[in-house]
Number of protein chains: 4
Amino acid sequence: MKTCEKIVHASLELFNTKGERRITTNHIAAHLGISPGNLYYHFKNKEDIIRSIFSLYETHLHAGFQPYENKAVDVELLVGYFDTMFDILWRFRFMYTNLTYILSSDEALLQRYLQVQQLALDRSSNILGQLKRDGLLHIDDDKVMPLADTMRMVACFWIGYKQTHSSSIAITKTCLYEGLLRVIMIFKAHATPTSIATFNRLEEHYQTLAQPQSCQASELSVQL
Amino acid sequence: MKTCEKIVHASLELFNTKGERRITTNHIAAHLGISPGNLYYHFKNKEDIIRSIFSLYETHLHAGFQPYENKAVDVELLVGYFDTMFDILWRFRFMYTNLTYILSSDEALLQRYLQVQQLALDRSSNILGQLKRDGLLHIDDDKVMPLADTMRMVACFWIGYKQTHSSSIAITKTCLYEGLLRVIMIFKAHATPTSIATFNRLEEHYQTLAQPQSCQASELSVQL
Amino acid sequence: MKTCEKIVHASLELFNTKGERRITTNHIAAHLGISPGNLYYHFKNKEDIIRSIFSLYETHLHAGFQPYENKAVDVELLVGYFDTMFDILWRFRFMYTNLTYILSSDEALLQRYLQVQQLALDRSSNILGQLKRDGLLHIDDDKVMPLADTMRMVACFWIGYKQTHSSSIAITKTCLYEGLLRVIMIFKAHATPTSIATFNRLEEHYQTLAQPQSCQASELSVQL
Amino acid sequence: MKTCEKIVHASLELFNTKGERRITTNHIAAHLGISPGNLYYHFKNKEDIIRSIFSLYETHLHAGFQPYENKAVDVELLVGYFDTMFDILWRFRFMYTNLTYILSSDEALLQRYLQVQQLALDRSSNILGQLKRDGLLHIDDDKVMPLADTMRMVACFWIGYKQTHSSSIAITKTCLYEGLLRVIMIFKAHATPTSIATFNRLEEHYQTLAQPQSCQASELSVQL
DNA sequence: TATGAATGAGGTTTCATTCAT
DNA sequence: CATGAATGAAACCTCATTCAT
């Protein structure tokens with residue numbers, strides 16, 4: 001791996017485990033066994049490293065959330081959607097730990113964040129819209145986007161929220177699954193008699209995963 | 001006003017408008033035209049100032065959320081509840097801008113936060129429970145607390161969320177009302193045929209306030 | 001007691017138990033429940049307080065070491081001499097903990113110290129001289145004063161020396177008695193066959209007192 | 001010379017001439033014409049610098065006090081012993097100026113000091129023991145170690161003692177030789193008729209060196 | 001590419017002392 | 001006599017960043 005990539009990955013790793021605030025550029029260099037000068041040869045500054053991590057984040061988002069327009073929206077698609085969400089939340093959890101903090105110090109990054117989030121919002125709005133059209137979601141037309149947005153908001157801030165509940169820094173996968181269950185709960189409140197069973201299955205699926213012991217199961221394919 | 005109080009209020013003001021991170025003890029002292037030594041005469045350190053602000057916060061919370069046990073839960077009570085919430089979110093918006101960040105550096109503060117939030121959660125759970133018993137809320141028994149918790153979470157993190165949407169640091173009252181509307185939306189999804197009209201009135205009330213021009217109306221008494 | 005005296009005594013107490021370095025003028029004021037301003041009304045500065053303590057020290061020295069010229073030098077006189085020494089070392093132990101440090105920051109104090117020490121040296125030299133003339137001390141004439149000086153030096157620096165042996169701040173009376181025994185040991189090396197028994201009795205006397213349990217016995221009158 | 005070493009040597013120099021208390025990290029940096037940040041790049045803090053100086057001290061001690069077990073204890077050995085003592089007292093005189101003060105703020109340093117002093121005490125006790133067995137020292141068995149300890153104590157605190165005698169901070173080599181003479185005096189009080197001549201020669205040797213004009217002679221080899 | 005010493009601005013904090021009341 | 005808030009110099013330390021090699 002190139003030094004450049006090594007820096008990005010080591011930074012992500014350190015940020016995720018120790019928190020972005022506590023990690024200085026010197027820490028990163030020391031962790032990799034390279035000199036601070038070398039780090040600054042590859043990156044203009046710390047912000048620049050975070051931007052590179054953000055590029056990685058964008059790549060994951062785009063790869064994970066392919067357009068669904070042509071597919072039918074069924075449980076498997078939703079599970080796929082939530083699994084991708086989980087994966088990204090987990091991989092970049094340091095960002096979600098303190099989104100406001102990280103974005104507030106870099107205007108350019110904020111713009112990129114807004115763009116990528118708009119995309120995600122559009123896609124999830126589309127899915128909700130389709131569910132509504134299929135009679136699977138009971139909701140006013142003008143509330144589709146707000147619902148999608150609320151679900152996104154809960155997903156994005158769940159990690160930060162959980163961190164206001166204990167002094168330990170560690171974020172567990174279990175804690176992330178609890179967040180997904182909350183998103184599903186908001187979602188399910190709009191279920192129709194036709195779709196309630198589907199929502200229940202979705203919920204049960206993540207309830208199983210939210211058990212501490214099933215952390216390792218998160219990569220397994222899902223059989224509903 | 002005593003210097004001690006001046007420091008607390010100036011700090012709150014500066015934190016709210018410039019962000020807690022950017023304000024150092026030197027800034028606060030300079031802003032008040034006092035020496036850094038004087039500031040440290042009144043407060044052990046910056047943390048100590050924040051703790052004093054937090055005491056103010058606790059006072060407001062306790063004053064605002066009196067027990068509701070003996071009263072009937074009607075729209076006015078809910079409006080009162082949401083108005084208090086709004087007031088506190090507004091007054092201490094710097095905290096809500098970056099709850100995770102602020103609490104993560106002071107274990108004692110975190111404990112106080114947890115305690116006060118537990119109280120708030122208990123009270124709102126009680127209200128939701130009563131609404132359910134009165135046939136005004138359609139929800140499983142074991143979902144009452146999660147719903148209350150979700151509503152609280154959205155309320156608490158809405159400011160941070162909004163800050164990931166624009167580069168300006170300023171938080172407007174309008175933006176806060178949008179947050180309340182989202183909380184109400186989550187709430188309303190569990191309305192029964194009996195209560196839907198009530199929820200709608202509640203929603204409309206805050207929709208009016210959420211218009212930018214009605215910012216100044218936030219202090220007016222509410223006539224439903 | 002006048003505030004002025006209260007300050008002197010509280011300072012001495014605090015210096016002895018906590019160490020002069022760790023005690024600020026504000027500590028002293030707080031300990032007495034008076035304001036720092038009041039303290040500075042009575043004393044120009046911290047140095048001034050120390051000088052007042054030093055006056056107390058001088059008083060004790062003069063009271064304790066009356067001229068011995070007309071008396072015979074016997075064991076009781078020596079015991080009286082060492083007891084006074086012990087008493088003063090104990091009362092003003094904070095000074096002896098760090099003599100160099102305290103005197104190096106106040107030239108005037110140093111001069112007073114030199115004067116009072118010269119007096120003490122003269123008196124003890126006289127005693128040693130008399131012992132020599134009485135055939136109780138085997139020593140060259142030109143070594144009388146150096147011997148007296150060495151004994152004084154060991155007595156004065158014993159406390160500081162003991163403090164380089166453990167991290168605890170507390171100085172015990174036992175530890176002081178050990179110091180006296182060392183002084184006696186240097187002394188006794190010059191005993192003559194005539195006087196050796198006397199020296200042994202002197203030594204035994206303080207060996208008894210150096211037992212930890214006999215701390216309280218230090219005030220008892222001595223029966224040889 | 002590396003910056004790291006420069007800092008250690010400049011600090012030792014400044015401490016010796018101006019006193020450790022008066023020298024801050026900023027002073028050291030300014031003296032070397034480097035930035036405070038650079039100093040902190042090489043050393044964690046002032047304590048860390050002192051610890052490095054202490055390592056130098058340990059090196060000197062170990063190099064200077066080789067085990068004497070196989071050699072006969074004669075005047076030359078004793079002179080070598082005292083010369084090494086002199087050299088170390090001189091090089092690290094800032095430490096001896098205020099041993100108590102310096103050791104009291106760093107527990108780890110105190111431990112290292114105790115260890116190295118124990119070693120020194122053991123070696124000098126051995127020498128005294130051998131002298132006694134050879135009939136050159138008149139002393140009780142149980143007083144051998146106390147004597148060695150007293151000699152060490154006088155040597156270690158002599159500098160501090162001398163500083164309570166004059167306001168100038170400067171310590172001269174002459175003053176150190178006076179200290180050695182005092183140590184020898186304590187030592188010599190236990191001479192036997194066999195050894196008295198040897199002790200006298202030892203004393204005369206250092207009496208010559210203690211003449212102010214012979215300061216420069218300290219490096220000359222000694223011919224008895 | 002890479003090193004690692006060096007920078008320097010800026011933050012936190014302490015404390016002897018002053019001063020208006 | 002007494003208060004206690006206020007001062008300000010100076011200490012300590014951090015860290016993103018630069019620069020000569």
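Convention: sequence-line order gives letters A, B, ...; per-chain numbering from 1.
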**Q** Within this structure, what is the CG-to-P distance between C:L32 and F:dA2, rounded to whole angstrom?
**A**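 C:L32 atom CG is separated from F:dA2 atom P by 11 Å.
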
**Q** Take atom CZ of D:F43 and atom P of E:dA6, then tell me their distance rounded to the nearest Å.
**A**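 Answer to the nearest Å: 11 Å.
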
**Q** Step by step, would you call D:I7 with D:I34 a side chain to side chain contact (heavy atoms under 4.5 Å, CB included)?
**A** CA-CA 10 Å; D:I7 292 170; D:I34 65 173; 4.1 Å; yes

**Q** Check for a donor-acceptor pair, side chain of A:N16 on one end and backbone N or O of A:R91 on the other, with a separation under 3.5 Å.
**A**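 Checking the backbone N and O of A:R91 against the side chain of A:N16, a donor-acceptor pair under 3.5 Å is found.
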
**Q** Is the shortest side-chain N/O distance from A:S35 to OP1 or OP2 of E:dG4 below 4.0 Å?
**A**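 False: A:S35 side-chain N/O out of range (4.0 Å or more) of E:dG4 OP1/OP2.
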
**Q** Counting C-beta onward and ignoring hydrogens, is there a side-chain heavy-atom pair between B:T25 and B:F43 closer than 4.5 Å?
**A**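 Sidechains of B:F43 and B:T25: no contact.
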
**Q** How do C:K2 and B:L39 order along DNA chain F: which one's closest nucleotide is nearer the 5' end?
**A**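 The 5'-side residue here is C:K2.
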
**Q** Under the ring pair (Phe, Tyr, Trp, His ring centres under 6.0 Å) test, which residues partner A:Y96, sequence neighbours left out?
**A**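 Partners of A:Y96 by the ring pair (Phe, Tyr, Trp, His ring centres under 6.0 Å) criterion come out as none, since no residue qualifies.
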
**Q** Mind calculating the distance between CD (C:E5) and P (F:dC1) to the nearest angstrom?
**A**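 It is 12 Å, rounded to the nearest whole Å.
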
**Q** Under a 4.5 Å cut-off applied to non-hydrogen side-chain atoms, are D:F15 and D:I28 in contact?
**A**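 When only atoms from C-beta onward are counted, D:I28 and D:F15 do touch, with a gap below 4.5 Å.
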
**Q** D:H27 side chain to D:T24 main-chain N or O, any donor-acceptor pair under 3.5 Å?
**A**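 Confirmed, D:H27 side chain pairs with D:T24 backbone.
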
**Q** How would DNA chain E look in dot-bracket form, 5' to 3', counting Watson-Crick and G-U wobble pairs with both distances under 3.5 Å and writing | for bases paired to another strand?
**A** .||||||||||||||||||||

**Q** May I have the distance from D:M1 (atom CE) to E:dA5 (atom P), rounded to whole angstrom?
**A**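 Spelled out: CE on D:M1 to P on E:dA5 is 16 Å.
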
**Q** Check whether any side-chain heavy atom of B:R112 sits under 4.5 Å from a side-chain heavy atom of B:S55, and report yes or no.
**A**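 B:R112 reaches B:S55 side chain to side chain.
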
**Q** Nucleotide by nucleotide, 5' to 3', does protein get under 4.0 Å of the base (B), only the sugar-phosphate (S), or neither (-) in nucleotides 15-21 of chain F, counting heavy atoms?
**A** SSBBB--

**Q** Got a donor-acceptor contact below 3.5 angstrom from the C:R51 side chain to the C:D48 backbone?
**A**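 Checked: no pair found.
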
**Q** Within the 3.5 Å criterion, strictly below it, is a donor on A:Q111 or A:Q115 matched to an acceptor on the partner's side chain?
**A**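 Side chains of A:Q111 and A:Q115: no pair found under 3.5 Å.
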
**Q** If I pick the C1' atom on E:dT1 and the same atom on F:dT21, what distance separates them, to the nearest angstrom?
**A**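 Per the computed distance, 13 Å lies between those C1' atoms.
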
**Q** Check whether any side-chain nitrogen or oxygen of A:H42 sits under 4.0 Å from OP1 or OP2 of E:dA2, and answer yes or no.
**A**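 Checking A:H42 against E:dA2: at least one side-chain N or O falls below 4.0 Å of OP1 or OP2.
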
